[in-house]
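Here the structure comes first, spelled out in structure tokens, and everything after it is commentary.
All values reported here derive from a predicted model rather than from experimental measurement. Quick note: residue numbers are just sequence positions, from 1.
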Amino acid sequence: MDNTSLTQSELRQIFTGHKQYWSNGEKIHVVVLEDVHILHKTFCRENIQMFPYQLSRLWDQLTYSGQGVTPTRVSSQEALLNMVENTVGAIGYADISKVKDVQVIEVREQ
């Protein structure tokens, strides 16, 4: 398992659609759990400083304006990890106890 890190600001930019390409030029594919999932609620609140409905509205605005693509939504952590593992440039989040064969990104403060 390879480790790298993102700042809190970079993570927020990615998950709010403001950063859509990795530094190597690859498209970022955001994968999230359904809005009602407790891990999604926690991730939004602690890492993005938004409620899930606010994040969904933001993505809808980006999508409808042609400035972004809505994240892929999945119903389980297993599905999320599978999607991230099998999609080039994908990023998601999961309980660390569920992570096995995907790259782990440490979130650090600015």
Kindly give the heavy-atom pair with the smallest separation between Ala94 and Leu39, and that separation in Å. CA-CD2, 3.7 Å
What are the two closest non-hydrogen atoms of Val36 and Lys41, and how far apart are they? O-CE, 3.6 Å
Does the Asn86 side chain pair with the main chain of Asn82, one donor and one acceptor, at a distance under 3.5 Å? yes
Would you give the length of the straight line joining atom CG of Leu81 to atom CG of Asp95, rounded to the nearest 0.5 angstrom? 9.5 Å
Look at atom CE of Met50 and say whether more than 12 heavy atoms of other residues, nucleotides or ligands are closer to it than 6.0 Å. yes
Apply side-chain contact (heavy atoms from CB on, under 4.5 Å) to Pro71 and list each qualifying residue two or more places apart in sequence or on a separate chain. Val30, Val32, Trp59
Going hydrophobic residue to hydrophobic residue with side-chain gaps under 4.5 angstrom, can you get from Leu55 over to Val69? no
Which pair of heavy atoms, one from Ala90 and one from Met83, lies closest together, and at what distance? CB-O, 4.3 Å
How would you list, by chain and number, every residue that makes a side-chain contact (heavy atoms from CB on, under 4.5 Å) with Thr63, sequence neighbours excluded? Thr70
Do you reckon Leu33 sits in the same ILVMFWY cluster as Leu58, going by side-chain contacts under 4.5 Å, direct or chained? yes
Report the distance from atom NE2 of His37 to atom OG of Ser76, rounding to the nearest 0.5 Å. 7.5 Å
With a 4.5 Å heavy-atom cut-off, do Val74 and Glu34 have their side chains touching? no
Here the gap from Glu10 atom CD to Ser23 atom OG, rounded to the nearest 0.5 Å, amounts to 9.0 Å
Does Thr87 use its side chain to pair, donor to acceptor, with the backbone of Val84 at less than 3.5 Å? no
Which heavy atom of Leu62 sits nearest a heavy atom of Thr16, and at what distance? CD1-O, 3.2 Å
Could you grab the distance from atom CD1 of Ile91 to atom CG of Leu6, nearest 0.5 Å is fine? 5.5 Å
Counting N and O atoms only, with roles assigned by atom type, does the side chain of Gln20 sit under 3.5 Å from a partner on the main chain of Ile28, one being a donor and the other an acceptor? no
Mind checking who shares a hydrophobic cluster with Phe51, ILVMFWY linked at side-chain heavy-atom distances under 4.5 Å? Tyr53
Do Ser56 and Arg73 touch side chain to side chain, with heavy atoms closer than 4.5 Å? yes
Heavy-atom side-chain contact between Gln8 and Gln49 under 4.5 Å: yes
Using a 3.5 Å distance criterion without hydrogens, assess whether the side chain of Glu26 forms a donor-acceptor pair with backbone atoms of Tyr21. no
Once you measure the plane-to-plane angle for Tyr93 and Phe15, does it fall in the parallel (<30°), tilted (30-60°) or perpendicular (>60°) bin? tilted
Point-to-point distance, once rounded to the nearest 0.5 Å, from CD of Gln13 to NZ of Lys19: 7.0 Å
